Amino acid sequence: MTVAAPLAADPVSCEEFGYGLGRPDGILVLRYRSAARLAFGENRQDFLHQLYWSPDGVLSARHDRGVNPIGPGEAFWVQRAVTHEVHAADRQTVYRICLREAPAALDGLRAGAVRIDVEAADLVLAIADREYDERGAPEARRRIMAGLDPRSHPADDRQAGGSGVAVTVAMALGNDPGDPTRLDEWAERLHVSVKTLQRDFAREFGMSYSQWRTGLRLRASLTLLRTRPVGEVARRIGYASPSAFISAFVREYGCTPGRAAAMIHAGDDDAASLLLSRSPR
């Protein structure tokens, strides 16, 4: 297997872990670590299916005209020969899993967010280790593939027919959910009117700019709450105060960020997945 690395910026490191390369049932895992934002620019692989997953942050993925924030318990699946783009935030680790065979559960899914269960995620971490016994790789690969579920958030192949300015803003916010740029400032940067940008958000995403940004921020918070206190999470995703963040979180999820963090830390994956499924798209 050979994989080009179409990165818009150099990562701090890129480590490669290959098992059974050259065989249909082989698996290649690339682990990228970044100090600055990591961008897999627009690319396609004609011979390999790919799965992007990060254990410590939100990914922003683009396919056709769709923009998907990839949150906790999710990965971004791309079939071979499908053009896509993926971005990660500062100081984030990204795993890029390359396969010749696609999991049966993802048959027909060209690209989109999929659920990755805890066992599959743990096995990705396990095989990306120089001490891993390669004799266990075929079974690990089988269990990783079995742990991918497209039913969490199916791909959005809708061709919205907008002008593309909303997608440009969405990608920028996906890279930095805490970006404080106002709608009128985005419009000025993109040389369009505020009304044009508002209409484009409605066409592309079926919601307003403020609704989409709020959904993205709350989705990002579910990942950050795993390792950071509520006050820091509020600041990183762009809320002026912890109380404003808590109010928005409770309106969306029906519980406080502290309660959600407790469920995540307790390993209550069903509860965490339920929170994720209620996050706006």
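Worth saying up front: this structure is predicted, and the values here are computed from it rather than measured.
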Visitor: So, taking the atom named OG1 in T93 and the one named CZ in R33, what distance separates them when rounded to the nearest 0.5 Å?
Guide: 4.5 Å
Visitor: To the nearest 0.5 Å, what is the distance between CD1 on I116 and CG on L51?
Guide: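 Atom-to-atom, I116:CD1 and L51:CG are 5.5 Å apart.
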Visitor: Can you list the steps and then say if F17 with Y132 is a ring-ring contact (aromatic ring centres under 6.0 Å, His included)?
Guide: CA-CA 10 Å; F17 306 87; Y132 185 75; 9.7 Å; no
Visitor: Spell out, as yes or no, whether a donor-acceptor pair under 3.5 Å connects the side chain of R141 to the backbone of D25.
Guide: yes
Visitor: Are any non-hydrogen side-chain atoms of R189 and T168 less than 4.5 angstrom apart?
Guide: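 No, their side chains stay 4.5 Å or more apart.
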Visitor: Tell me if a side-chain donor or acceptor on R31 pairs with a main-chain N or O of A128 at a distance below 3.5 Å.
Guide: yes
Visitor: Verify salt bridge (Lys or Arg N to Asp or Glu O under 4.0 Å) between D117 and R115, making sure each step is shown before the conclusion.
Guide: CA-CA 6 Å; D117 67 24; R115 182 180 176 185; over 6 Å; no
Visitor: Would you say the side chain of W53 lies within less than 4.5 Å of the side chain of V29, judging by non-hydrogen atoms?
Guide: no
Visitor: Between Y253 (side chain) and P257 (backbone), is there a donor-acceptor pair under 3.5 Å?
Guide: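 Checking the backbone N and O of P257 against the side chain of Y253, no donor-acceptor pair under 3.5 Å is found.
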Visitor: Work out which heavy atom in M263 is nearest to a heavy atom in C255; give both atom names and the distance.
Guide: CE-SG, 4.3 Å
Visitor: Yes or no on side chain to side chain contact (heavy atoms under 4.5 Å, CB included) for N43 and Q50, after CA distance, side-chain angles and deciding distance?
Guide: CA-CA 11 Å; N43 71 95; Q50 297 179 85; 4.3 Å; yes
Visitor: For E232, does the CD atom have more than 12 heavy-atom neighbours from other residues, nucleotides or ligands under 6.0 Å away?
Guide: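 Yes.
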Visitor: Rounded to the nearest 0.5 Å, how far does CG of L197 lie from CG of D184?
Guide: 10.0 Å
Visitor: Taking atom CD as the centre, does E188 end up with more than 12 heavy-atom neighbours from other residues, nucleotides or ligands that are less than 6.0 angstrom away?
Guide: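 12 or below, so no.
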Visitor: Does any non-hydrogen side-chain atom of L109 lie less than 4.5 Å from one of W77?
Guide: yes
Visitor: At what distance, to the nearest 0.5 angstrom, does CG of L123 lie from CZ of R142?
Guide: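 The CG atom of L123 sits 10.0 Å away from the CZ atom of R142.
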Visitor: Please name the pair of heavy atoms, one in A105 and one in P150, separated by the smallest distance, quoted to 0.1 Å.
Guide: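 Heavy-atom minimum between the residues: O-CG, 3.2 Å.
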Visitor: Quick one: does any side-chain atom of H63 pair with a main-chain N or O of A61 as donor and acceptor, under 3.5 Å?
Guide: no
Visitor: Would you call V94 and L59 a side-chain contact if the rule is heavy atoms closer than 4.5 Å?
Guide: yes
Visitor: So, taking the atom named CG in L21 and the one named CD in E16, what distance separates them when rounded to the nearest 0.5 Å?
Guide: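 Rounded to the nearest 0.5 Å, the CG-CD separation comes to 7.0 Å.
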Visitor: Could you go through E85 and E42, starting from their C-alpha distance and side-chain angles, then the distance that decides it, and tell me whether this counts as side chain to side chain contact (heavy atoms under 4.5 Å, CB included)?
Guide: CA-CA 5 Å; E85 187 174 349; E42 186 172 289; 4.3 Å; yes
Visitor: I'd like to know if the side chain of E185 and the backbone of R182 have a donor-acceptor N/O pair within less than 3.5 Å.
Guide: yes
Visitor: Show the nearest heavy-atom pair for residues R217 and G238, with the distance to one decimal.
Guide: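 That closest heavy-atom pairing would be NH1-O, 3.5 Å.
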Visitor: Can you find a heavy atom in the side chain of F249 that is under 4.5 Å from one in the side chain of T256?
Guide: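 Heavy-atom side-chain distance check fails, nothing below 4.5 Å.
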Visitor: List the atom of A113, the atom of I70, and the distance in Å for their closest heavy-atom pair.
Guide: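 Answer, listing the atom of A113 first, then I70: CB-CD1, 3.6 Å.
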Visitor: Would R100 pass as a cation-pi partner of F47, given that its NZ or CZ must be under 6.0 Å from the six-membered ring centre and within 45 degrees of the axis?
Guide: no
Visitor: Tell me the closest heavy-atom pair linking F76 and A111, and the distance in Å.
Guide: CZ-CB, 4.2 Å
Visitor: Give the intermediate values and the outcome of side-chain hydrogen bond (donor to acceptor under 3.5 Å, both in side chains) for residues Y32 and R96.
Guide: CA-CA 8 Å; Y32 301 87; R96 187 180 179 197; 3.1 Å; yes
Visitor: Can you tell me how far apart CD1 (I97) and CD1 (I127) are? Round to the nearest 0.5 Å.
Guide: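 One finds 7.5 Å between CD1 of I97 and CD1 of I127.
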Visitor: Ignoring hydrogens and angles, tell me if any N or O in the side chain of D200 forms a donor-acceptor pair with the backbone of A166 under 3.5 Å.
Guide: yes
Visitor: Quick check: does any side chain N or O of W212 sit under 3.5 Å from a backbone N or O of F201, one acting as donor and the other as acceptor?
Guide: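 Side chain of W212 to backbone of F201: no pair is present.
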Visitor: Got L48 and R80 here, is their nearest side-chain heavy-atom distance under 4.5 Å?
Guide: no
Visitor: Compare all side-chain heavy atoms of L125 with those of Y95 and state whether any distance is below 4.5 angstrom.
Guide: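 Yes; the side chains approach each other to less than 4.5 Å.
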Visitor: Specify whether Y239 and F245 have parallel, tilted or perpendicular ring planes, treating 30° as the upper limit for parallel and 60° as the lower limit for perpendicular.
Guide: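 Ring orientation of Y239 relative to F245: tilted.
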Visitor: Any side-chain heavy atom of T181 sitting closer than 4.5 Å to one from V169?
Guide: no
Visitor: Just by modelled atom types, is the R62 backbone N or O under 3.5 Å from a matching donor or acceptor in the H84 side chain?
Guide: no
Visitor: Let's go through V78 and Y52 carefully: what are the C-alpha distance in whole Å and the side-chain angles of both, what is the deciding distance for side chain to side chain contact (heavy atoms under 4.5 Å, CB included) to 0.1 Å, and is it a yes or a no?
Guide: CA-CA 8 Å; V78 188; Y52 296 84; 4.3 Å; yes
Visitor: If you take all heavy atoms of R236 and L224, which pair is closest and at what distance?
Guide: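 Closest heavy-atom pair between R236 and L224: NE-CD2, 4.0 Å.
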